[in-house]
Structures are given as structure tokens and as C-alpha cells.
2 protein chains.
Amino acid sequence: MAKDSGSPVSGQPLGVDELSERLRSRGLRVTGPRLIVYNALAHQGGHRSADEVAVSITAAGPSLPRTSVYNALKALVDAGLIDVVDAGPGTTLYEVRGESHHHFICRQCNALIDVPSDSTVDGSLLSEVPGATVESAQVILRGLCPECTQRSKARAKSG
Amino acid sequence: MAKDSGSPVSGQPLGVDELSERLRSRGLRVTGPRLIVYNALAHQGGHRSADEVAVSITAAGPSLPRTSVYNALKALVDAGLIDVVDAGPGTTLYEVRGESHHHFICRQCNALIDVPSDSTVDGSLLSEVPGATVESAQVILRGLCPECTQRSKARAKSG
DNA sequence: ATCCAAATTTTGAATCTGTACAAATAATAG
DNA sequence: CTATTATTTGTACAGATTCAAAATTTGGAT
């Protein structure tokens with residue numbers, strides 16, 4: 001569903017030691033599948049589905065059972081090491097936790113583009129719901145990506 | 001996944017005539033299923049899954065095949081008459097297109113709450129992607145809804 | 001009013017994601 | 001090293017969405 005490549009907005013992935021510490025600090029054990037899945041996702045970069053992660057793992061050596069990939073992804077999310085990408089309904093996408101950012105989705109080619117978040121705007125969003133405790137704000141922008149915008153303009157001119 | 005009822009933020013649904021015109025203006029035919037699905041969604045209000053729409057249609061008379069509901073929903077989205085709700089991965093939810101607004105999702109009770117959008121903030125979001133044509137911006141706010149926030153406070157005090 | 005070509009609907013089955021469960025296994029405390 | 005308990009794994013399952021092919025309907029032309 002989502003066409004996607006590397007991410008222009010990201011922090012650097014964690015090493016095994018810090019990774020382990022973070023897992024333990026949340027009461028989670030450090031296991032093979034979790035390290036493998038995290039590294040696969042970090043190595044691929046960008047936004048990836050559980051299936052894409054599984055495939056890349058298999059490509060790199062012995063494969064992990066599908067269920068294990070799902071389990072590991074869930075554990076990593078719980079540990080705050082990776083995030084579920086807010087990019088609308090459909091297949092769940094994950095990304096290594098890095099700097100806060102938003103997402104742009106092209107309605108034509110489905111490209112998913114990271115957009116640096118403006119902390120000022122971000123701040124105003126967080127105070128928008130009276131009575132509620134707003135913990136995070138994700139923005140989904142939709143429209144035509146730069147490439148499709150170009151193509152669209154070209155088509156309008158010539159024919 | 002999403003617990004939900006009517007929407008506090010909405011425009012008034014379109015009549016058959018304007019509905020038809022809008023479909024035609026996008027090269028889409030005016031068909032029974034499309035009108036039925038639109039009206040069902042408009043009548044229910046709020047954020048609804050394809051299944052909820054199908055059920056409400058069946059309850060009101062002759063039922064539509066599930067596939068037809070999906071087809072009609074897609075056509076209506078293409079025509080810009082309804083919107084896909086950005087509320088994270090999972091079942092796709094739809095709503096009649098009305099005033100622009102955002103969504104708040106409670107991490108505890110999964111309540112999905114409409115949040116009026118601040119046009120100022122909205123404006124800044126729309127200009128955030130150089131080269132791209134940003135057509136819409138939806139915001140997903142996450143945290144504790146007012147009720148769960150209350151419960152949380154109460155628990156902190158007493159126990 | 002009628003006919004035609006193309007767009008849609010319909011039917012039924014297939015697919016794709018994600019989850020539930022129970023038994024086997026591995027990670028950590030002591 | 002051993003016990004305890006979290007995890008992993010393999011299998012089965014459920015729900016959402018899509019697909020292919022045949023039947024029908026729409027909108028424009030005759």
C-alpha cells in the first residue's frame with residue numbers, strides 16, 4: 001500500500017548495549033528476535049511494514065517466524081524504541097524512534113514523505129483539546145508529492 | 001477498534017442533486033449504491049467503518065453486498081464527498097466531508113473525538129512541504145480523553 | 001423511445017494483516 | 001547450575017479488503 005524509501009528525518013539507531021538497557025528498564029527481556037527486528041528496521045530505515053521487516057530479515061540469513069516479528073515489533077513499541085507511523089488506515093508501518101516529525105502522503109503515487117515538525121505549530125496542537133491530556137500530536141498531510149506536482153503541471157501545459 | 005458516536009464537528013450533508021452533480025463533475029456515474037451509501041453515512045454521522053455502513057443500510061431495507069459498499073465508499077472518496085479518517089492503522093473509517101477538523105484518540109478507552117481545527121495552525125501546516133501540493137492536513141492527537149483524565153486524577157488522589 | 005459501449009454492480013472466492021493459543025525454549029535471579 | 005517465568009514458535013483463526021468474471025445499469029447517441 002505505501003511506497004516508501006529511506007527517511008530524511010531520523011536519529012541514529014541505538015547500539016546493542018543501549019538497546020538492551022532500554023528493554024530491561026521497562027521490564028522486558030533482551031532476546032534474539034527483538035535485537036534482530038530492531039536492527040533490520042534500523043538498517044532498512046524509513047517506514048516499514050511487519051512483512052517488509054520479515055522479508056529483509058530472511059534475506060539477511062535465517063528467517064524469523066511471522067508471529068515472532070509481530071511480537072518483537074510490539075515489544076519494541078512498548079519499550080519506546082520504535083514507533084507506529086501515523087499514516088492513515090491500512091497496513092501498520094513502523095519506524096525507528098528519532099526526532100519527532102510528521103508525514104506527507106501522495107494521493108497519486110502513495111509516496112510517504114517525512115516532514116520535519118515545526119515545534120511552534122506542534123505546541124499549539126498540544127493544547128487544542130480542553131479537559132483532555134494530549135500527549136502527542138501527529139500530522140498527516142495529503143496531496144501531490146513534488147514529483148507528481150511536476151508531472152501534473154507538465155500535463156496541464158502540454159495537453 | 002474505535003469507539004465512537006455522532007460527530008460534534010460536521011457540515012450538513014448534500015442533497016441528491018448536488019451529490020449527483022459532484023459525482024458527474026469527476027467523471028463518475030450516479031448509481032444507486034453510491035447514493036445509498038452516502039446517505040447511510042450521512043444519516044449515521046460521525047466516523048464509520050464499511051461494515052457499520054453496510055449494517056445500517058441492511059437495517060433500513062434491502063442490503064447491499066459488502067463489496068458494493070466498499071466500491072461505493074471508494075468512489076465517494078475519489079469524488080471528495082467523504083473522507084477517510086486518519087486515526088492510525090486498523091479498520092478504515094469514513095466520514096461525510098464537512099468542516100476541516102482533527103481527531104483525538106484516547107489511548108485508554110479508544111474514544112475518537114473530533115477536534116475543531118484552528119485555521120491559523122492549519123494554515124502553517126499546509127505550507128510545510130516545499131515542492132509538494134498539500135491539499136489537506138489531518139492531525140492525530142493522542143493521550144487521555146477528558147473522562148479518562150478525570151478517572152486518572154481521582155485514582156491518584158484516593159489510592 | 002431505444003440501442004450501445006463503457007462503467008458499475010454483484011457474486012463468490014482469494015488474499016492479506018494481525019491475533020489467539022498451547023507447547024517448547026530461552027533469559028534472568030539466586 | 002537450577003528454577004521460574006517471559007518469550008518464542010507453529011498452527012489455527014478472524015476480520016477487512018481485494019479480485020475476477022458475469023450480469024446489470026448508466027448516459028449519450030440514434
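Throughout, a chain's letter reflects where its sequence line sits, starting with A, and its residues are numbered from 1. Side-chain atoms are counted along with the backbone in the values below, which use heavy atoms only and exclude waters and symmetry mates.
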Quiz prompt | CG-CZ distance between B/Asp78 and A/Arg107, expressed to the nearest 0.5 angstrom | solution = 9.5 Å
Quiz item: Are A/Ile140 and A/Leu144 joined in one hydrophobic group, where the rule is that I, L, V, M, F, W and Y side chains link up if heavy atoms are under 4.5 Å apart?
Solution: no
Practice problem: Hey, can you tell me if A/His47 and A/His101 have their rings parallel, tilted or perpendicular (30° and 60° cut-offs)? | Solution: tilted
Quiz prompt | Angle of first-five versus last-five pair axes in the helix from C/dA1-D/dT30 to C/dG30-D/dC1, to 10 degrees | solution = 40°
Quiz item: Can you tell me how far P of C/dA7 sits from CG of B/Leu76, to the nearest Å?
Solution: 18 Å
Quiz item: Rounded to whole angstrom units, what separation is found between the CG atom of B/Asn71 and the P atom of D/dC19?
Solution: 11 Å
Practice problem: Let me know, please, whether B/Ser49 or A/Ala72 comes out on the 5' side of the other along DNA chain D by nearest nucleotide. | Solution: A/Ala72
Self-check item: Selected nucleotide, minimal atom distance to A/Leu64 side chain, candidates D/dT18, D/dT9, C/dT9
Solution: D/dT9
Quiz item: At under 4.0 Å, does any side-chain N or O of A/Arg34 touch on OP1 or OP2 of D/dT7?
Solution: yes
Quiz item: Are A/Leu73 and A/Val55 grouped together when hydrophobic residues (ILVMFWY) are joined by side-chain heavy atoms under 4.5 angstrom apart?
Solution: no
Quiz prompt | From CG (B/Asn71) to OG1 (B/Thr31), nearest 0.5 Å | solution = 9.5 Å
Quiz prompt | Closest nucleotide among D/dT11, C/dT11, D/dT17 to the A/Thr67 side chain | solution = D/dT11
Self-check item: CG-OG distance between B/Leu126 and B/Ser136, expressed to the nearest 0.5 angstrom
Solution: 8.0 Å
Quiz prompt | Reading 5' to 3' through nucleotides 23-30 of chain D, protein heavy-atom contacts under 4.0 Å coded B for base, S for sugar-phosphate only, - for none | solution = --BBS---
Quiz prompt | Separation of atom OH in B/Tyr70 from atom P in C/dT15, rounded to whole Å | solution = 18 Å
Exercise. Report yes if some heavy atom in the side chain of A/His103 is under 4.5 Å from a heavy atom in the side chain of A/Asp114; otherwise report no.
Key: yes
Practice problem: Specify the separation, in whole Å, of atom CG of A/Leu73 and atom P of D/dT7. | Solution: 15 Å
Quiz item: Could you give the CG-to-P distance, from A/Asp51 to C/dT15, as a whole number of Å?
Solution: 15 Å
Quiz prompt | Smallest separation among heavy atoms of A/Ile57 and A/Pro62, with atom names | solution = CG2-O, 3.8 Å
Exercise. Calculate the interatomic distance between A/Lys74 atom NZ and C/dT17 atom C1'; express it in whole Å.
Key: 13 Å
Quiz prompt | Verify same cluster id: A/Leu23, A/Tyr38 (apolar side-chain graph, 4.5 Å) | solution = yes
Self-check item: d(CZ, A/Arg66; C1', C/dT15) in whole Å
Solution: 12 Å
Exercise. Would you kindly give the CG-to-C1' distance between A/Asp78 and D/dA6, to the nearest whole Å?
Key: 14 Å
Quiz item: Nearest to the side chain of B/Thr92 - C/dT19, D/dT9, D/dT17?
Solution: D/dT17
